[in-house]
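In listed order, ligands and their atoms are each counted from 1. Quick caveat, the model's predicted, so the values are computed rather than measured.
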Amino acid sequence: MLVNAKEMLDKAYENGYAIGHFNTNNLEWTKAILKAAEEKQTAVIVAASEGAIKYMGGFKVVADLVKVMHDEMGITVPVAIHLDHGSYEGAKKAIEAGFTSVMFDGSHFPLEENLEKTKEIAELAHSKGMSVEAEVGGIGGEEDGVRSAGELADVEECKKIASLGIDFLAAGIGNIHGVYPADWQGLNFDRLREISDAVKMPIVLHGGTGIPDDQIKKAISLGVSKINVNTECQLVFAEATRKYIEAGKDKQGKGFDPRKLLADGTQAVIDKVEEKIDMFGSANSAK
Ligand code: 13P
C-alpha cells in the first residue's frame, strides 16, 4: 500500500535528513526509483508533473502504475505517489485518481488567491488522507512550460501559507529547476533560516539537480526535508542510452529490443537515485 508523505517527512525533519522526491516519466523510471529506494531501505516519493502525467496517459494510469508496481515488486519501504506542481484542476484530478500526496502550486497567483485555493485543496486532500505541499515565491527556471526567475520567498507569506494546515512548504531560496547557470549565486541560507524559524515545518527544496553536496547538506541542517530531483536522472538516462547506441549495441543480436535498449539508461537512473539517497542521508531510515 502506498502512503502519504507526511509521516516520512516529519520523521526526516526530526532526525535531520531529507527524503528524495524523484520525478517519474515512464514505467522504467518508476521501477528504477522503487528499486533504488528498496535497496537503500528508505522511504521515497515518486512524483509526476502534469506534463509527465499527460505523457503517460492520465492521472489514474500514473497512480495505478506506481501502486501496482509497488505491490508486484514486493516493496517494503514507505512510498508516496505525489503530484508535482499541480494546478488547481490537476490537484483535484490527482485527489480523485488515488494519488497519496499532492502539491498545489499557486505561486503564480496573487497571494490572496494562492492562499484561498491552497486552503481549499488542503482541506479536500486531507479529507482523503493525503499530504499537501504548497508554494510561495517562484522556483527559478522552467518546469513543464511554467517559467520563473527564482525569487526568494517572503517570510511573512510563508507564515501565512504554512498556517493553512499544509504539511510541507516549497519556498524559493535561490533554487532553480534544470541545470544551474554558470553564474548561479548558490542557495540563500539566510533566507532559508528565517523561513525555517518562522514556519517550523518540513521545507521542500525544488531544483535538486546540480546543487553542490555541501549546500544540500547545509540546507538539510536548516530544515529542508524533501529534495526534488528530475533533470539529473534525465541526463544520466540520456547519456547511458546514447552510449549504448553509439557503441552500436542496438545492432548486435536483438539489441534493439526495448528491454535491452533501455536497460543501461534505467540502470543509470537507479545508480543516480541511490547516490542521491546516500547524500540526502535517508539510507537505512526505513529499517
Ligand atoms: P530539477 O529538474 O532541477 O532536478 O528539479 C526537479 C523539481 O524541482 C521538480 O519539482
Side-chain angles (χ1 to χ4, degrees), residues 5 9 18-26 29-30 32-33 36 44-56 62 66 80-87 90-91 94 99 101-108 131-153 166-182 184-188 192 202-213 215-216 219-220 224-239 268-269 271-277 279-280:
L9 289 185
I19 295 292
H21 148 140
F22 300 98
N23 287 73
T24 187
N25 290 283
N26 58 18
W29 239 264
T30 307
I33 297 164
V44 77
I45 297 169
V46 180
S49 67
E50 287 186 29
I53 289 167
K54 194 168 166 204
Y55 170 77
M56 290 168 76
V62 177
V66 178
I81 169 66
H82 175 80
L83 174 66
D84 191 21
H85 291 284
S87 63
F99 276 60
S101 184
V102 63
M103 173 189 191
F104 167 62
D105 180 0
S107 62
H108 51 286
S131 48
V132 178
E133 174 179 344
E135 176 174 331
V136 283
I139 312 293
E142 191 251 323
E143 180 89 359
D144 272 344
V146 179
R147 291 200 151 271
S148 162
E151 305 141 32
L152 296 182
I166 61 166
D167 301 298
F168 30 102
L169 175 68
I173 52 165
N175 39 332
I176 300 176
H177 288 123
V179 176
Y180 284 83
W184 179 54
Q185 300 295 303
L187 297 177
N188 188 315
L192 173 57
I203 293 177
V204 182
L205 184 63
H206 282 250
T209 291
I211 299 177
D213 293 7
Q215 291 194 38
I216 293 273
I220 294 172
V224 163
S225 315
K226 171 176 180 281
I227 303 177
N228 296 11
V229 179
N230 184 16
T231 307
E232 213 164 321
C233 290
Q234 297 184 343
L235 289 171
V236 294
F237 180 87
E239 167 88 8
V269 175
D271 295 344
K272 180 55 74 181
V273 171
E274 291 193 357
E275 176 195 313
K276 293 291 174 192
I277 287 169
M279 206 243 294
F280 299 164

Just jot down the ligand 1 atoms closer than 4.0 angstrom to any heavy atom of His85, in number order.
-> 10 (O)
Closest non-hydrogen contact found for Pro202 with Leu9 is CG-O, 4.0 Å
Are any non-hydrogen side-chain atoms of Ile220 and Ile227 less than 4.5 angstrom apart?
-> yes
Check each atom of ligand 1 against the heavy atoms of Thr209 and keep those under 4.0 Å away; list them by number with element.
-> 1 (P), 2 (O), 3 (O), 4 (O)
Anything under 30° is parallel, anything over 60° is perpendicular, the rest tilted; go ahead and classify Phe280 against Phe22.
-> parallel
Atoms of ligand 1 less than 4.0 Å from Thr231 heavy atoms?
-> 1 (P), 2 (O), 3 (O), 4 (O)
Contact with ligand 1 for Glu232, non-hydrogen, under 4.0 angstrom = no
Can you measure from CD1 (Ile203) to CG (Leu192) and round to the nearest 0.5 angstrom?
-> 5.5 Å
Within the distance-only criterion (no hydrogens, no angle test), does the side chain of Glu232 pair as donor or acceptor with the backbone N or O of Lys272 below 3.5 angstrom?
-> no
Taking only non-hydrogen atoms of Asp84 and a 4.0 Å limit, the atoms of ligand 1 in range are 9 (C), 10 (O)
Geometric class of the Trp29/Phe237 ring pair [parallel <30°, tilted 30-60°, perpendicular >60°] = tilted
Which atoms of ligand 1 are found less than 4.0 Å from any heavy atom of Gly178?
-> 1 (P), 2 (O), 3 (O)
If we only count N/O pairs under 3.5 Å, is Asn23 in contact with ligand 1?
-> no
Pair Glu135-His206, side-chain donor/acceptor within less than 3.5 Å = no
Below 4.0 angstrom from a heavy atom of Val229, which ligand 1 atoms are there? Numbered from 1 as shown, please.
-> 4 (O)
Would you mind running through ligand 1 and noting each atom that sits below 4.0 Å from a heavy atom of His206?
-> 8 (O), 10 (O)
